[in-house]
Trainee: 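First, the structure itself, so that you have it in front of you.
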Amino acid sequence: MPTLTPEEWTAIKISLRIAALATILALPPGIAIAWVLARKRFWGKSLLDGLVHLPLVMPPVVTGYLLLIWLGRRSPVGSFLADTFGIVLSFRWTGAAVACAVMGFPLLVRAARLSFEAIDPRLEQAAATLGANWFWRFFTVTLPLALPGIIAGMVLCFAKALGEFGATITFVSNIPGETQTISAAIYTYTQIPNADAQAARLVVIAIVIALIALVASEWLARRAGARAYGYE
Amino acid sequence: MPTLTPEEWTAIKISLRIAALATILALPPGIAIAWVLARKRFWGKSLLDGLVHLPLVMPPVVTGYLLLIWLGRRSPVGSFLADTFGIVLSFRWTGAAVACAVMGFPLLVRAARLSFEAIDPRLEQAAATLGANWFWRFFTVTLPLALPGIIAGMVLCFAKALGEFGATITFVSNIPGETQTISAAIYTYTQIPNADAQAARLVVIAIVIALIALVASEWLARRAGARAYGYE
Amino acid sequence: PGAFAQEPTLTVFAAASMKNALDDINTAFTNETKIKVTASYAASSALMKQIEQGAPADVFASADLEWMDYGNQRKLVKSDTRVNLLGNRLVLIAPANSKTSSVTINKDTKFTELLGADGRLVTGDVRAVPVGKYAKAALEKLGLWAQVEPRMAMAENVRAALALVAREEAPLGIVYETDAKVEPKVKIVGAFPEGSHEPIVYPAAVTTQGKPDAAKYIQFLRSDAAKAIFEKYGFTWLNKPAA
Amino acid sequence: MMLSLDFAKRLGQVDIVAKFDVDAKAAALYGPSGAGKSSLINMIAGLIKPDRGHIAIRGETVFDSEARINVPAHQRNVGYVFQDGRLFPHMTVRSNLHYGRRMHRLPQDQAAEDRVVALLNLGNLLTRRPGNLSGGERQRVAIGRALLMQPRILLLDEPLASLDSARKAEVLPYFERLRDESGVPLLYVSHSADEIRRMAAVVVRVADGKAFGVEDAAGLIA
Amino acid sequence: MMLSLDFAKRLGQVDIVAKFDVDAKAAALYGPSGAGKSSLINMIAGLIKPDRGHIAIRGETVFDSEARINVPAHQRNVGYVFQDGRLFPHMTVRSNLHYGRRMHRLPQDQAAEDRVVALLNLGNLLTRRPGNLSGGERQRVAIGRALLMQPRILLLDEPLASLDSARKAEVLPYFERLRDESGVPLLYVSHSADEIRRMAAVVVRVADGKAFGVEDAAGLIA
Ligand SMILES: Nc1ncnc2c1ncn2[C@@H]1O[C@H](COP(=O)(O)OP(=O)(O)OP(=O)(O)O)[C@@H](O)[C@H]1O
Ligand SMILES: Nc1ncnc2c1ncn2[C@@H]1O[C@H](COP(=O)(O)OP(=O)(O)OP(=O)(O)O)[C@@H](O)[C@H]1O
Ligand code: MOO
Ligand SMILES: [Mg+2]
Ligand SMILES: [Mg+2]
């Protein structure tokens, strides 16, 4: 494969930036909701669960369209964000990250939730008798023990963010140098006759990035898993 | 909402059929690969893991094209399947199920794998001392204990199959009564003027189906989880 | 089974944007000929590649000349059946409540001023989506491309571009007239001059493996009955045999 | 009054009913398997909530269904050596030992730590993780963990069951000293009449979920 | 020869080295916590593979590093009562009890089952799941599970540690009868000299990972 073109480099950088931000954005609410779904019983739990899964069930284009309606600059939320924090999502890579975070959210939540559910609650009880309040129990026992699932969820979210374009392109469109990810570029090439070679190049790049991210995450997860399950 | 039109009914039935078959197709290899990834160390493990994640990382359209090229009736595999077993995937609902199975595969594998990893290997040892060979250990101890994750994975796969259209429409097109799912129909409506109302109707239908599937799966998972963790 | 049943049936692969009109036309065609029609609507690119891989399509109707040419080169469509069925016009749109009311599009048009400090000009992807390709060609011909290129935002299709303007995300967009006319939240503020771009054409043809009945279908597309339906949905009736 | 309780709780098909006051420095719970000893201790520690009644530890009411008092487990300052160890698998033995101290924001007391480590012979386990400790090693770490949090009462659920007699012979006097010198009262579950006679002044018999009244430990004959 | 072994294995920083032949109907492993008793039993059961050496159970070689023999655990037909229970959490107590019998395709022997259930007082636990059994209840189920598979040797890792003395007094004679009548030899880990003297003819002392030679159980003085 010849060396990468500047446009390809730009798309790679943007993709990584968007995927990283998407994962970071999805993480705190993802962990919180996973924990609630794993441990609490409350009225409307199924509804919350359903809501979390929506981005998986709806065509991505619809998700993107709903984001446009709810977070666009004319929407209450969008104008609040813009006026109060100066955060504009439309046509920005940050908006793309939000779209990817939403799309990856169900994957993150499920993985984290499975890990929370597998934790022996008696360990949390032991922590309680040792004086740990809710906060400390969560951060010293529950969260570290759920780490393998949380890492797995982050990997899924990151990978999805690399591959996602339907919601992204609908929400923030495709602006080279700002929102054009590798995926969007690949998609574009698939729409052009006889551009298979360029598309294939980018697909290979996407695969390489994903493999690197996976190997790194495997390594992290192995360490975390070894700790969580107590062998080393 | 007025009653459903015959086309909508058809799309619903096809969606359900495709999502169900996709989940069934993905299940056995998904469980096998999840188990291998959870328990074995071998050369090329990262590669296998990467391969599993590919449908997540690549734009769905690309996955669809690759399926079209590899499993289409002109391809070696496609013609072998057709000649030997009479199985035709191209432009059939079975092909759509294959596409959805591929797209849902990484989600299924991850969830199942997390559950396999969380099983205490000492229980399998206990089963061995009681005379259970590999087969029986797997089916009487490992698999039942991994059930919560496997069910979660099936839910993700089913949900993804409901929402997927990029790979499906590219592989088997969008033929009403055969391969047109709710998602593909929604997508089509988003492409034409003034069809927002029809699209919205279908989105609502998709959401309702997903919620029903989720509630059912939650119930199953709760039972399975209660058993796996031993409280009841 | 439905799509491949024994009764006489035609399978039409058509660009998604033609769905409304073609659904009506198919009903009319079936009433007249008793031949059932199954239509698969998707992106022209996907449909052409499926035909290349042996899809059971009898007729291909594209939103785009390029994919029809692709099929021609590979002998996937019968070139003698090809017809340039519909035309369209390229227009400049703004949100309905925009202060911009009328823009004359020529080589002196100041798009940067019209767009304001950070406004975007949305259209389809200028490499891949037909409307984007026409828009880029027109802007280049008018010598405006260098000015607007950094301000472009490229949507995945016309409808998405339209939505971005309708939601006031972008102050201006370039779309087809047919689409602009049916979206009440936008207004047409200018039209691209004739000759600033290649004619916008929706071609149709019988595929190489198409059933004999497919020719009847193409014939029907060129009938007055079809014309009325297409025009009802805002398309410009062209009906020119391909050059 | 070290411990004063009077409560009832339904667990599955078993009714746990307890009513007794203990004012000794050490008391034993004695009774057959499945009698309800662990459940009783769990309620004192705040891990199971009784259906009704009250519990007071060293004069402080930690549970009272009528006054709607239910001090959460982490505020009861009760050292609990579980029947099943419950070490934190993701922490080293040393982090396990320090956990209670850290949570109670106690300063590190090297002398106390050294004493406990030596007593329980944990010296060369400190950097290991619980995953592959032997049964007895685990039990010893669990004991150390509860001791180092400086609890105001120690609940010991068969703490010596998996210790060899040599180790037992070493740990028992330490418990005695703890009881006599530091004044931390002990509530002790054991199946060994010998051990109980040695450790505890009084015995509460538990049978079939019922625990009423207190008898003299000296009178215990297996 | 009930058991003949000579092997070595490195576990973490501990070297487990054992060499002894036992030809009694019952033998005990005796030694301090962390000495290597459980590891030794695991190797006999086939759960840990020694680095080198050989193991023969009742004359059959189940492991020989030179002859490259390593009979897998599920074919050794060794009944193992684990120190930590290891009941199957997703099965009822009854299914746990029947598991070994089913895996060995033995016909159901109602009389044997009734005897074991009565002996271990499992009668009203049969339909429950292990999740909320008491410590002793769990231990009893684990013993029952190993007994019902009709093993050719029974490995018991502190089987009575969490049983009350009444239950102990009932179970011990059963083990004795098992040993004497059915001829299933026992290898027994215990910290109680009393128990050992009663159960075992010979004792193997384990210390610091080393287990060499056999002594008379009668001479054991804790
Ligand atoms: N996988 C392992 N890796 C490292 N060290 C191990 C491993 N397994 C056991 N050990 C160590 O080997 C020693 C022997 O352990 P083992 O469980 O055999 O002891 P034991 O004699 O059964 O003790 P107890 O009476 O406390 O159960 C212990 O110090 C233990 O920590
Ligand atoms: N959550 C629960 N649901 C149903 N039954 C329970 C529950 N927890 C405990 N039990 C039952 O209550 C009884 C008392 O259990 P507990 O653990 O208190 O016994 P114990 O006296 O500690 O016994 P051991 O000496 O065997 O540990 C047992 O029969 C047990 O099976
Ligand atoms: O189906 Mo997708 O996941 O982005 O189009
Ligand atoms: Mg107990
Ligand atoms: Mg041991």
Side-chain angles (χ1 to χ4, degrees), chain A residues 37 45-47 49-50 53-63 65-66 106-107 110-111 113-115 117-121 148-149 152-153 155-156 159-160 162-166 170 182-184 186-187 190-191 196 199 202-203 206-207 209-211 213-215 218 221 225 228-229 231, chain B residues 37 45-47 49-50 53-63 65-66 106-107 110-111 113-115 117-121 148-149 152-153 155-156 159-160 162-166 170 182-184 186-187 190-191 196 199-200 203 206-207 209-211 213-215 218 221 225 228-229 231:
Chain A
L37 288 174
K45 176 168 168 174
S46 294
L47 209 74
D49 197 27
H53 281 79
L54 273 196
L56 212 54
V57 176
M58 294 192 305
V61 173
V62 173
T63 307
Y65 190 72
L66 293 177
L107 314 184
R110 253 310 171 169
R113 177 177 172 184
L114 275 172
S115 272
E117 280 170 344
I119 294 176
D120 188 342
V155 171
L156 289 174
K160 176 74 200 164
L162 286 179
E164 152 59 29
F165 79 94
T170 309
I182 303 179
S183 267
I186 295 174
Y187 176 74
T190 63
Q191 304 300 102
D196 294 351
L202 285 173
V203 167
I207 291 175
I209 293 177
L211 277 181
L214 271 168
V215 170
E218 281 300 314
Y229 307 131
Y231 346 107
Chain B
L37 288 174
K45 176 168 169 174
S46 294
L47 209 72
D49 197 27
H53 280 79
L54 274 195
L56 212 54
V57 176
M58 293 191 305
V61 171
V62 173
T63 307
Y65 275 134
L66 292 178
L107 314 184
R110 254 310 172 169
R113 177 178 173 185
L114 274 173
S115 272
E117 280 170 343
I119 293 175
D120 188 342
V155 171
L156 288 175
K160 176 75 200 163
L162 287 179
E164 155 59 29
F165 78 94
T170 310
I182 302 178
S183 267
I186 295 174
Y187 174 75
T190 64
Q191 301 287 301
D196 292 353
V203 167
I207 292 175
I209 292 177
L211 277 182
L214 271 169
V215 170
E218 282 299 314
Y229 310 130
Y231 347 107

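Throughout, a chain's letter reflects where its sequence line sits, starting with A, and its residues are numbered from 1.
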Trainee: Side chain, backbone, both or neither: which part of Val57(B) has a non-hydrogen atom closer than 4.5 Å to chain A?
Mentor: both
Trainee: Assess the residue pair Tyr187(B) and Val62(A) against the criterion (side chain to side chain contact (heavy atoms under 4.5 Å, CB included)); give the C-alpha distance rounded to whole Å, side-chain angles, the decisive distance to 0.1 Å, and a yes or no.
Mentor: CA-CA 8 Å; Tyr187(B) 174 75; Val62(A) 173; over 6 Å; no
Trainee: For Thr190(B), which atoms come within 4.5 Å of any heavy atom of chain A: side chain, backbone, both, or neither?
Mentor: side chain
Trainee: Between Ser115(B) and Leu114(A), which heavy-atom pair has the shortest distance, and what is it?
Mentor: OG-CD2, 4.2 Å
Trainee: Output, in order, the C-alpha distance, side-chain angles, deciding distance and verdict of side chain to side chain contact (heavy atoms under 4.5 Å, CB included) for Leu107(A) and Leu56(B).
Mentor: CA-CA 11 Å; Leu107(A) 314 184; Leu56(B) 212 54; 4.2 Å; yes
Trainee: Once ring-ring contact (aromatic ring centres under 6.0 Å, His included) is applied, do any residues pair with Tyr65(B), and if so which ones, sequence neighbours excluded?
Mentor: none
Trainee: Mind listing the closest non-hydrogen atom pair of Gly163(B) and Pro60(A) along with its distance?
Mentor: O-CD, 4.1 Å
Trainee: Report which part of Leu156(A) has an atom under 4.5 Å of a heavy atom belonging to chain B: side chain, backbone, both, or neither.
Mentor: both
Trainee: Please identify each residue that fulfils side chain to side chain contact (heavy atoms under 4.5 Å, CB included) with Leu211(A), with sequence neighbours left out.
Mentor: Ile207(A), Leu47(B)
Trainee: Chain A: which of Ala111(B), Pro59(B), Gly50(B) shares the most heavy-atom pairs with it under 4.5 Å?
Mentor: Pro59(B)
Trainee: Give the member of Val155(A), Leu214(A), Ile186(A) that has the highest number of heavy-atom pairs under 4.5 Å with chain B.
Mentor: Leu214(A)
Trainee: At what distance, to the nearest 0.5 angstrom, does NZ of Lys160(A) lie from NZ of Lys160(B)?
Mentor: 3.5 Å
Trainee: Among Leu37(B), Ile182(B), Val215(B), Leu54(B), which has the most heavy-atom pairs under 4.5 Å with chain A?
Mentor: Leu54(B)
Trainee: Tell me which of these, Ala206(A), Ala210(A), Ser46(A), Ala152(A), has more heavy-atom pairs under 4.5 Å with chain B than the rest.
Mentor: Ala152(A)
